[in-house]
Amino acid sequence: DCGNGLVLGGSDVIIKNVVFKNANIDSFSVNCEVINCTFSDCSFEGEHSAIDAHGGLNVDSCNFINCHFEKGSAICLGGDCGVSNSNFLNCSSEYGSGAAVYIYYGSDCDIVNCSFERCSAWNGGAICDDFASSSEVIGCDFRNCSGENCGGAIYSYSLFSIDSCSFIDCFGRYDES
């Protein structure tokens, strides 16, 4: 099952000015640009994400609103990527990590000038860096984000740089009792 929406593979793709309502993009070995798009009321079971990229990805000026996942994220990245000037509002992943952005093994990702509000997940309410090569978060705002286990806003297993960001009312709920 590849989810619903767009399934992309094998070439370079640019997606601009599109509204996805309860739909997603699956891209395999493709360089993909997603510009000025809105993803709203996305709700997926399993490990599906609003954007699941297994190649190069650039996301710019996009909005992710009320996106809820069982184990997925608004953006799941498995390649070099950039996410900029985008907003993530009320995104959650019940059993997953990084409700807004999940970056996995071997990827490099720059997240610049983004806003994360009311994002929640098991680890890293907004962002989870799961053994990526290196990632940077620059000029981002995090508000009311929570990790059910650890990392209210960000949870990272690897080299991770944070510069000029704000964190307001973000927390991890881990309890050793």
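The figures here come from the full heavy-atom set of this structure, side chains too, leaving out hydrogens, waters and symmetry mates. None of these values were measured; they are calculated from a predicted model.
Counting only residues at least two apart or in different chains, side chain to side chain donor-acceptor pair (under 3.5 Å) contacts with residues 113-127 comprise Asn123-Asn149. Counting only residues at least two apart or on different chains, the salt bridge (Lys or Arg N to Asp or Glu O under 4.0 Å) pairs with a member in residues 32-44 are Lys21-Asp41.
Follow the hydrophobic side-chain contacts under 4.5 Å out from Val59 and you reach Val18 in the same cluster. Residues Ile103 and Phe116 are members of one and the same hydrophobic cluster, defined by side-chain heavy-atom contacts under 4.5 angstrom among Ile, Leu, Val, Met, Phe, Trp and Tyr. Taken together through direct or relayed side-chain contacts under 4.5 Å among Ile, Leu, Val, Met, Phe, Trp and Tyr, Leu89 and Ile75 form parts of separate hydrophobic clusters. Tyr102 and Val137 fall into different hydrophobic clusters, where Ile, Leu, Val, Met, Phe, Trp and Tyr are joined by side-chain heavy atoms under 4.5 Å apart, directly or via other members.
Inspection of the Ser166 and Asp141 side chains reveals an N or O donor paired with an N or O acceptor under 3.5 Å.
Once rounded to the nearest 0.5 Å, the distance linking CG of Leu77 with OG of Ser49 reads 9.0 Å. Atom-to-atom distance recorded for Asn17:CG and Ile35:CD1 is 8.5 Å, nearest 0.5 angstrom. Separating the CD1 atom in Ile65 from the CZ atom in Phe88 is a distance of 11.0 Å, to the nearest 0.5 Å. A distance of 5.5 Å separates SG in Cys37 from CZ in Phe39, rounded to the nearest 0.5 Å. Between the CD1 atom in Ile111 and the OG atom in Ser135 there is a gap of 6.5 Å [rounded to 0.5 Å]. With rounding to the nearest 0.5 angstrom, the OH atom of Tyr155 is 13.0 Å from the CZ atom of Phe160.
Taking Asp60 as the reference, Ser84, Asn85 meet the side chain to side chain donor-acceptor pair (under 3.5 Å) condition, with sequence neighbours excluded. Here Asp169 pairs with nothing under the side chain to side chain donor-acceptor pair (under 3.5 Å) rule; sequence neighbours left out. Applying the side chain to side chain donor-acceptor pair (under 3.5 Å) test to Lys16 and every residue at least two apart in sequence or in another chain returns nothing.
The only option from Ile127, Asp129, Ile51 that meets the side-chain contact (heavy atoms from CB on, under 4.5 Å) definition with Val101 turns out to be Ile127.
For the pair Ser97 and Asp130, the minimum side-chain heavy-atom distance is 4.5 Å or more.
Side-chain contacts under 4.5 Å among hydrophobic residues (ILVMFWY), followed directly or transitively, place Ile138 together with Val112.
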